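One structure below.
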Amino acid sequence: MASVKVAVRVRPFNQRELDLEAKLIIQMQGNRTGILNCKANARDESIRYKEFTFDYSYWSHNKESPNFVSQEQVYNDLGTEVVDCAFQGYNGCVFAYGQTGSGKTFTMMGSPEEQGLIPRVCKSIFDRMVENSMKGTTHRVSVSYLEIYQEKVADLLKGHNSAVRVREHPKKGPYVEGLTTLIVTNYEQILECITRGNANRTTAATNMNDVSSRSHAIFTITFVQAGYCNGIPSETVSKIHLVDLAGSERADATGSTGKRLKEGAHINKSLVTLGSVISSLAELCSEPSGYRRSFFIPYRDSVLTWLLKDSLGGNSKTIMIATISPADCNYAESLSTLRYANRAKNIINKPTINEDPNVKLIRELREEISKLRALMFNEHRSDMLAKIHEKEAREKELTEEWTSKWREAQAILREQTALGLRKAGPGVVLDSDRPHLVAIDDDPLSTGVTLYHLKVNINYIIICLIKERCIRGTFGKRIASLPYLY
Amino acid sequence: MTIFRESFIDIQNKYNKVKKLIEEDCKTDPENEPYLSKYTARELLLTMKANIDNLLRNCIVGTKEHLRLTGMLAATYLYMGMIAVDTEELSAGEKSLIQCQEIVDKYEAEPEIILVSLNMLNQFGILWSQRDPKKSKLYLEKAISLYNNFKQKALTPYDIDDLFKLNVESSETGVQSLEKVYTLTLYYVAQIYGSLNDALKSAIYCHITLKRQLESGNYDSIDWALNAATLSQFFMERNGFKEARHHLASSSVILDEYEKQLNILQEQSEEFEAKMENFRNRSADVSRCWAKYGLLLLSVSRERLLDSSDEMTKISDLTLHLSDLKLDEITASQIDFNDLTFTSLKTTFYESQITDQYILTLQDAHKVFYNTQTWLDKAHSYYTLNALASDYIDILLDKSQLYKNLLFFDDNMENQSKMQKRRADLLEKVLKEVNPIYYMQYCRQMWFELGEIYCGILDIKMEKIRECKGRPSAHALNKINHLVEKSIQHYTSFTDSFKEVTSQDLSKCVDKDLQKPFLQALFHIAALWSRFITLDKKVGLENINKSNEFYKKVIDYCEANPEVGQAISAELSVCKEMVNLLPVKIMKLQQEIP
């Protein structure tokens, strides 16, 4: 089953925020993240303070805090899983999302002293490759880097502006036509590719206004393991996508990140978005049942999810890290990031199976059931049935035998508690709430009083005994008295 | 007068700057100051306001000049309001808009003022949409009636830009702007109805928006065609087949026109190629919308025949009953709701190819079938297996569905069986071609469907054996066993696909949404094992044992996950009885075996 983990990380104040004497508005406890709206003076606490629950809430605000989460911990929680997954032959996906300057790059790339997820993931892949190659497995790692801007895909490793087309191969899955893929043998080469791609991204950005915050970038590590499995040559291909999602500040409601925002009644002002208004209208009438959609909505704005569909779902692991600023001046952005992260799990398309109702089959099986029943009742004389009954009866007997034994033992125990000895005046009274005989022995050697409880089935005999005034009878020399009889 | 002239030119310059700032410059604002240009524009507007106030003070009320200055002042407030809303200062925006409203109050329908008024009402609509959609609707409805009243007067409105130009009277752009702002009003109303969960009214307003785009000639062909086709999907889901067909036909007409334009160009450039590619892509999408229309028409007709045999007398046509809608008085009188058509388009060619009425006979069903198949083939010519595999499979699944929908109308068992076989061939062929790792979701759908298909053929063949009186031939019996085997094989592929490498325990790794089909598949496998025909009692015994085993699997799974049990209660109770009764049968068979 596909697994998606969502993590949120808060960074320390930056210089600008310190200069502004910004207030801390983020709180984290366990896996929960809360955000406080300082401006709202509403009495309603739910407006002032909002809380979200994620798989991880990473407090990286101040190093002095005992809860401080380091780069290493982030990698241990999230990165290792992706690497494991790749070595097992599945795809993995790491999304980073958050306002520009919220610590996205630090989390993903880090600094030379504190390396981020990407270098650690790469390093671990190469380390394990070395380990595995001792066992005879050979590996090949290649990388590609692309950018999606306004639903168009550009190759970031090619240098000049080059639009490429997305395609889907029946055996190899989604791919980008003509995309540059470079074979790499160590982390330094990977880093070089990232740097080169980023440079291309920034050059383009000077032409188009702040592309980086409106475009998605996908860095893909394709990882081929070849070896012998039980003497048969086998090859597994897995991909790790590292995705830099469009910054939240401009990734507006038109849904450039895949899913449209559905909360509130945000009006699209421009007619350009008529398409998405109509699409969501058509989507509204889709029943949430398991049936295949009876209508078709042409997709318009989901190259990203389209490209990643081989990695979102199936057995792949998906990780989403949202980064936020701790400061009050970024309240709106941080809130929208948290909201987005909260819905992040929805980016995975839920597969459904179109099934027919089984009315006919069930009817037939019901008929078969009545036939089987009839078989049972009509063949009473059959040995087989008798045997079954015999077997069942024997089992029943055995269990009953056992339970009745228990019941007897229990009854005896209970009986003893029904007997009471109490002091009354100068003497001692022995009494019982059950019918009994008290034997007062005339034997001079005997000093005690004997009490016989009467079992229901022997009452009759005793009554007979009394009627015949035969005081000395089966009880030998003992005198029996009847305190009461019912 | 020169002073007036000078100050006026000053205001005009400022106005032009504001326009440039909010229309162009704001797009290149630095990332950390996204509203830089808008804030600058706001400063300029404040000084403009003071200037206009000054001029107004020296102006006699009731003159043309006064009216114009009033318009200018109102426009200034309007822009301030718009900027505030854009920069997320809603209450400041509201304040400016209210000031604007106070100024235009008495003159709202004057040619000089009308555009300011309508724009202002639209802005109120946007502002309130986030707070209270109902209130937003009131403002927008006011805009609709204001527009209609103005139209009746047949006056030429002043464009807002024209107010700020010296010596310019009302102009052509004024009329265009009026129509544009009104189109936006209707578009906003569409969205407000959407947020008020009144999807049908929202759809009607979307239609009107499309209609107005068409009339104004101001639209992108591909966008328009795609939007009309998408809207058709909404209408057909609401049983509005007549409307759906008209929207699809309109979409195709627009695409045809666009293709003609493209063919005239015929240039060899990257841009042209991109346009052609986009055209082919979107034409294929519209084809898919057409195909869904045919598919749904067949299945709606089938359902109607199946479950309403006593209500058949009630003649219902497949159009939306718009007269049932309770429309608000203002709008109802001014917009013709009973006719959701694009009258300017010649759509009959496309509309004549497929009916919009319920299907009753095989003959009618055939017509829909062929038409739908043509659309699906058209879609497949763009969405090929080797380039766009998952779309290809989606369309293929529609083809399979199409056969299924048709076979209901065919009483001939031989034909039914052939159609099922066609479905199976389609799906089995593509299953060989695709890699389950990347297309698991599709493979699962196909495996499941194949299980159903072979079960379907099995039913038909069994029926035939029952009908023929003599002993069935060995060939016929072999055929039965082959079909059972095939069905089991596909259902097993489906259930096995949930196994994880790491754990063999299926009860934990089935996705919630797929639990029900997963259990259905197990249930089918159980039933299928009992359907093998064999004379060998040992084999027979094994089969019943298998059957029993799979019924048990369903029960065990439901015990581990009680919530699914409720979803398949009918199947589950059968399973429970079976595991009680089958041991009897098993024991009997055991005794018969020497």
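Here the structure is a predicted model, which is why all the values come from computation and not from measurement. We name chains A, B, ... by the order of the sequence lines, and we start the count at 1 in each one.
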Looking at [options], which has the largest count of heavy-atom pairs under 4.5 Å with chain A?
options: Ala570(B), Ala274(B), Ala387(B); answer: Ala387(B)
options: Leu388(B), Leu210(B), Leu296(B); answer: Leu388(B)
options: Glu270(B), Gln213(B), Glu433(B); answer: Glu433(B)
options: His524(B), Arg131(B), Gln590(B), Met236(B); answer: His524(B)

Heavy-atom distances under 4.5 Å only: say whether [X] touches chain A with side chain, backbone, both or neither.
X: Asp391(B); result: both
X: Arg531(B); result: side chain
X: Leu385(B); result: both
X: Ser232(B); result: neither
X: Lys180(B); result: neither
X: Ser202(B); result: both

Part of Lys239(A) within contact of chain B (heavy atom distance under 4.5 Å)
side chain
Glu364(A), part contacting chain B, at a heavy-atom distance under 4.5 Å
side chain
NZ/NE/NH1/NH2 to OD/OE distance under 4.0 Å, Glu577(B) and Arg366(A):
yes
Evaluate the side-chain proximity of Lys292(B) to Ser294(A): yes if any heavy-atom separation is below 4.5 Å, no if none is.
no
Side chain to side chain, Pro298(A) and Thr230(B), heavy atoms closer than 4.5 Å:
yes
Side chain to side chain contact (heavy atoms under 4.5 Å, CB included) filter on Asp220(B), not counting sequence neighbours, yields Ile222(B), Asp223(B)
Which residues share a side chain to side chain contact (heavy atoms under 4.5 Å, CB included) with Val237(A), sequence neighbours left out
Thr222(A), Val224(A), Glu235(A)
Interatomic spacing from [atom1] in [X] to [atom2] in [Y] - rounded to 0.5 Å:
X: Tyr188(B); Y: Leu271(A); atom1: OH; atom2: CG; answer: 7.5 Å
X: Cys289(B); Y: Phe295(A); atom1: SG; atom2: CZ; answer: 10.5 Å
X: Leu226(B); Y: Leu274(A); atom1: CG; atom2: CG; answer: 10.5 Å
X: Arg373(A); Y: Leu581(B); atom1: CZ; atom2: CG; answer: 6.0 Å
X: Ser279(A); Y: Phe234(B); atom1: OG; atom2: CZ; answer: 13.0 Å

Check whether [X] reaches the backbone of [Y] with its side chain - one donor and one acceptor, N or O, closer than 3.5 Å.
X: Tyr438(B); Y: Lys171(A); answer: no
X: Gln233(B); Y: Phe296(A); answer: yes
X: Glu168(A); Y: Ser390(B); answer: yes

Using a cut-off of under 4.5 Å for heavy-atom pairs, which of Ile369(A), Leu361(A), Val166(A) has the most such pairs with chain B?
Ile369(A)
Minimal non-hydrogen separation, Tyr551(B) against Leu365(A), with atom names
OH-CD2, 3.4 Å
If you compare all heavy atoms of Ile278(A) against all heavy atoms of Leu231(B), which two are closest, and at what distance to 0.1 Å?
CG2-N, 3.6 Å
Carefully, step by step, assess Leu372(A) and Met578(B) under the rule side-chain contact (heavy atoms from CB on, under 4.5 Å).
CA-CA 9 Å; Leu372(A) 283 171; Met578(B) 281 296 188; 4.2 Å; yes
Lys269(A) and Ile126(B): side-chain contact (heavy atoms from CB on, under 4.5 Å), yes or no, with the steps?
CA-CA 8 Å; Lys269(A) 291 173 203 167; Ile126(B) 291 169; 3.6 Å; yes
